[in-house]
Amino acid sequence: QVQLVESGGGLVQPGGSLRLSCTASGFTSDYYAIGWFRQVPGKEREGVSCISSPNTGGSTYYEDSVKGRFTISRGSAKNMVILQMNSLNPEDTAVYYCAAFRAFRDLCSLAARPYDYWGQGIQVTVSS
């Protein structure tokens with residue numbers, strides 16, 4: 001059974017940084033893509049960043065508003081994906097979710113549709 005668990009959220013002041021982690025379990029191989037999404041009440045879930053399987057190239061993609069501020073990477077353990085968030089502003093406040101789908105090519109997606117597995121979400125609040 002695939003499970004995704006997010007950690008690292010919390011409250012941070014504008015201009016600060018947070019590091020989110022997504023730990024995956026239950027996959028029988030490393031052929032899966034990971035995406036980070038966020039959602040605020042009343043709005044659709046938004047893709048923030050994604051990374052393809054390390055076996056297919058590990059390509060990364062970012063939503064325009066986070067380019068240059070957020071970095072997605074694989075952790076020291078292949079089943080962990082890190083989202084380093086710098087220069088945070090109040091508009092980044094949301095519940096952040098990690099998600100995964102099996103992928104045997106170098107691809108991931110900032111759209112929610114391909115993702116089969118989702119974490120429970122973790123709150124990130126940027127406020128003074």
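Atoms considered below: every heavy atom in the structure, side chains included; atoms not considered: hydrogens, waters and symmetry mates.
Side chain of R69 to backbone of S87: a donor-acceptor contact under 3.5 angstrom is found.
Residues T93 and E91 have side chains that never bring a donor and an acceptor to within less than 3.5 angstrom of each other.
Interatomic distance, OG of S49 versus OH of Y61, reported as 11.0 Å (0.5 Å rounding). Atom CD in Q3 sits 5.0 Å away from atom OG in S25 (nearest 0.5 Å).
In the hydrophobic clustering of ILVMFWY residues, with side-chain heavy atoms under 4.5 Å counting as a link, F37 and I72 come out apart. F27 and Y31 are assigned to two separate hydrophobic clusters, defined by single-linkage of ILVMFWY side chains at heavy-atom distances under 4.5 Å. Tracing side-chain contacts under 4.5 Å through hydrophobic residues (I, L, V, M, F, W, Y), one never reaches V95 starting from V66; they form parts of separate clusters.
Taking all atoms of both residues into account, the shortest heavy-atom contact from V124 to L20 is CG2-CD2, 4.0 Å. Scanning all heavy atoms of the two residues, the minimum distance from S53 to R74 falls at CA-NH2, 3.7 Å. When all heavy atoms are compared, the tightest approach of K67 to Y62 is CE-O, 3.3 Å. Of all heavy-atom pairs spanning S21 and I82, the tightest one is OG-CD1, 3.3 Å. Taking each heavy atom of V40 and A94 in turn, the nearest pair found is CG1-CB, 3.6 Å.
Two residues are said to be in side-chain contact when any heavy atoms from C-beta on lie closer than 4.5 Å; S17 and M85 fail this criterion. Between T23 and L4, the closest side-chain pair of non-hydrogen atoms is not below 4.5 Å. Between I34 and C50 there is no side-chain heavy-atom pair separated by less than 4.5 Å. Between E63 and E46 the shortest side-chain heavy-atom distance falls below 4.5 Å. By the 4.5 Å heavy-atom criterion applied to side chains, L83 and F70 are counted as neighbours.
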Identify each donor-acceptor pair in which a side-chain atom of residues 96-122 lies under 3.5 Å from a protein atom, sequence neighbours left out, and give them as a table.
| unit_1 | atom_1 | unit_2 | atom_2 | d |
| --- | --- | --- | --- | --- |
| Y96 | OH | R38 | NH1 | 3.0 |
| Y96 | OH | D92 | O | 2.6 |
| R102 | NH1 | Y117 | OH | 2.7 |
| D106 | OD1 | S52 | OG | 2.5 |
| D106 | OD1 | S59 | N | 3.4 |
| D106 | OD1 | S59 | OG | 3.0 |
| D106 | OD2 | S59 | OG | 2.7 |
| S109 | OG | A111 | N | 2.9 |
| S109 | OG | A111 | O | 3.4 |
| Y115 | OH | S109 | N | 3.2 |
| Y115 | OH | S109 | O | 2.5 |

